[in-house]
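Here the structure is a predicted model, which is why all the values come from computation and not from measurement. The sequence lines fix the lettering, A, B, ..., with proteins before strands; numbering per chain opens at 1.
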Amino acid sequence: MNTPIFELTGVGKVFAHRQTTLENVSLVVGAGEQIAFIGSNGAGKTTLFRVLNLTFRPTSGTLRFEGADVANCRRTDLRRLRRRIGMIYQQQNLVGWLRVVHNVLAGHLGRWSTAKALWSLVRPQEVESAVEALARVGLSDKLYARTDTLSGGQQQRVAVARLLVQDPDVILADEPVSSVDPSLAEGIVRLLVDASRTDGKTLLTNLHSVDLALRFFPRIVAIRQGRVFFDLAPEKVTAEMLGMLYAGASADDTAPLAYERALSVAGALPPSRHP
Amino acid sequence: MSDVRRTYLFWIALSGAVGLSLWKADVRMNDLFAPDARSQMAAMVRSMFPPELAPSFLRSMITPTAETLQISVMGMAVAIAIGFPLSLLATATITWSGILHERYSSSSRGVGFVPYAVARSFLSILRSIPEVVWGLMFVRAVGLGPFAGVLAIGVAYGGMLGKVYSEILEGVNLRPAETLQASGASRLAVVTYGMLPAALPALASYTLYRWECAIRASAILGFVGAGGLGQQIELSLRMFNFHEVATLLLILWGFVFAVETLSAMVRRSLAR
């Protein structure tokens with residue numbers, strides 16, 4: 001087997017004056033894998049992703065990227081590693097005030113010199129790459145539109161286009177569809193899965209929708225109270241497991257919804273109770 | 001301390017401060033509306049009418065009016081040149097704290113804190129000295145005339161712009177910036193792509209408001225010999241020629257109104 005992309009050993013993250021959000025997480029992510037992370041709100045999924053994309057420094061344990069410990073790497077090394085990791089958030093990824101072309105070209109920022117980056121705001125550089133990426137996500141006509149005039153689903157596709165321009169080895173998508181119309185959510189997940197499959201990229205996704213996770217991903221990692229709760233192929237995930245995953249979660253108002261949805265997906269509730 | 005008690009304490013302290021100031025600052029509303037005071041004010045306003053509109057006077061005011069405009073424009077240019085770079089250093093989220101710095105060790109963040117603290121204190125020194133005092137100092141340094149006014153406005157307003165710019169930038173949503181940094185963008189690219197565009201309407205609007213203040217300030221600076229309309233106002237005041245003063249104030253009002261209109265236009269086009 002090749003060197004894994006990520007290797008986490010006992011990773012924990014404690015915020016100053018705040019509670020523990022990750023505790024003793026050990027995980028191996030092979031190159032080219034597609035993994036969905038599930039769990040209720042506040043379980044620590046987003047924190048885990050921020051550790052993986054080198055935004056947070058773990059407070060305990062080690063994180064290896066392609067076999068190398070990244071605990072003490074310098075700023076220049078950090079930039080080199082970060083440009084190989086692409087990120088999509090739930091929303092607010094993009095700068096609404098900028099035109100779509102600049103948001104897409106921002107995918108080049110890890111490679112471009114600062115001077116070229118600044119000049120590109122005056123005269124967009126390597127526009128063909130943005131044109132091509134927008135064509136792949138079906139937004140060719142929006143190249144010079146102002147980003148905040150686009151709908152939520154279109155903005156998420158612009159974020160995918162930026163990811164295509166960045167051309168990272170790893171894609172981290174943190175709740176990429178939870179602020180998107182449910183009818184469009186599947187399309188965006190499919191876009192991400194296809195993009196990673198055709199180009200052999202590793203894809204890690206946080207998903208609220210257990211349904212989408214089980215249908216599109218060959219490996220499901222459940223996070224509960226900052227720990228790995230289970231790590232299984234989708235066909236091995238049972239209704240009891242999902243029940244336990246979402247039960248006893250915080251008093252968060254979306255948790256019962258997710259719980260109910262999880263049960264209905266697993267067949268424990270009639271599908272008519274789908275929210 | 002509980003939140004409720006803190007809220008109580010805040011309101012008690014605030015009303016105490018206002019009450020004390022009302023008493024100590026010698027606020028006597030009766031004096032303002034006393035018959036004597038009213039007739040004095042009325043006499044002064046009456047003596048302003050009609051404003052002096054003789055063509056020869058208006059012609060002679062063209063140069064000082066242009067000078068005031070030039071002082072304010074050049075003053076703002078200097079102020080932006082001083083304030084903008086310093087504001088980037090004085091923005092905590094850019095230099096040392098918050099999500100963009102989570103990855104770094106505390107010693108490495110300390111390195112960013114030094115320029116932050118230096119920039120903050122430098123800006124506060126610049127703006128704690130009133131522009132008239134700067135004006136007096138620069139009149140001594142470069143002599144009477146508009147250049148002293150330009151420097152005075154540039155330095156004092158540089159301090160104000162820098163402070164407010166940094167506060168606007170600290171209020172920007174950091175999500176886009178975080179995403180850009182996570183894809184390997186350099187710090188300057190993160191700021192120009194992820195933060196400045198979102199802050200631009202507020203930055204532009206505040207800058208235009210300051211320009212309006214700069215036009216007024218250049219009039220005040222004329223009193224200490226920095227040229228422009230202020231010098232004319234002072235001359236006319238000293239000659240008790242209130243008709244001329246009225247005309248000069250009308251010119252200033254015209255400027256304020258014009259900048260206001262321009263500001264609304266710019267904000268509209270940025271919010272488009």
Work out which heavy atom in [X] is nearest to a heavy atom in [Y]; give both atom names and the distance.
X: A:T55; Y: B:E102; result: O-CB, 3.2 Å
X: B:A198; Y: A:V95; result: N-CG1, 4.4 Å
X: B:S186; Y: A:R79; result: CB-NH1, 3.5 Å

**Complete:** Cut-off 4.5 Å, heavy atoms of chain B, and the answer for A:A115 is neither

**A:V170 versus chain B, the contacting section by heavy-atom distance below 4.5 Å** =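 For A:V170, no heavy atom lies under 4.5 Å from chain B.
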
**Heavy-atom proximity to chain A below 4.5 Å, by part of B:L100** =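 Contact with chain A is absent: no heavy atom of B:L100 under 4.5 Å.
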
Sort by residue number and list every residue of [range] having at least one heavy atom under 4.5 Å from chain B.
range: residues 101-112 of chain A; result: A:H102, A:A106, A:L109, A:G110, A:W112
range: residues 62-69 of chain A; result: none
range: residues 161-169 of chain A; result: A:R162, A:Q166

**Prompt:** What option among A:L172, A:L98, A:I88 has the most heavy-atom pairs under 4.5 Å with chain B?
**Reply:** A:L98

**Options A:N53, A:L118, A:L78, ranked by heavy-atom pairs under 4.5 Å with chain B, top entry** = A:L78

Side chains of [X] and [Y]: closer than 4.5 Å at any heavy-atom pair?
X: A:R50; Y: B:R103; answer: no
X: A:R83; Y: B:S183; answer: no
X: A:T114; Y: B:R187; answer: no

**Prompt:** Crowded around A:E132 CD? As in, over 12 foreign heavy atoms under 6.0 Å?
**Reply:**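 For A:E132, atom CD is not crowded (no more than 12 foreign heavy atoms under 6.0 Å).
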
**Item:** Within 6.0 angstrom of B:E260 CD, more than 12 heavy atoms from elsewhere
**Value:**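 Incorrect, the count does not exceed 12.
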
**Request:** Just grab all the side chain to side chain donor-acceptor pair (under 3.5 Å) pairs involving residues 188-207 of chain B, residues at least two apart or on different chains.
**Result:** B:Y165-B:T207, B:Y206-B:R210

**Aromatic A:Y89 / basic B:R175 pairing, under 6.0 angstrom, 45° off normal** =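 Yes, B:R175 and A:Y89 form such a contact.
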
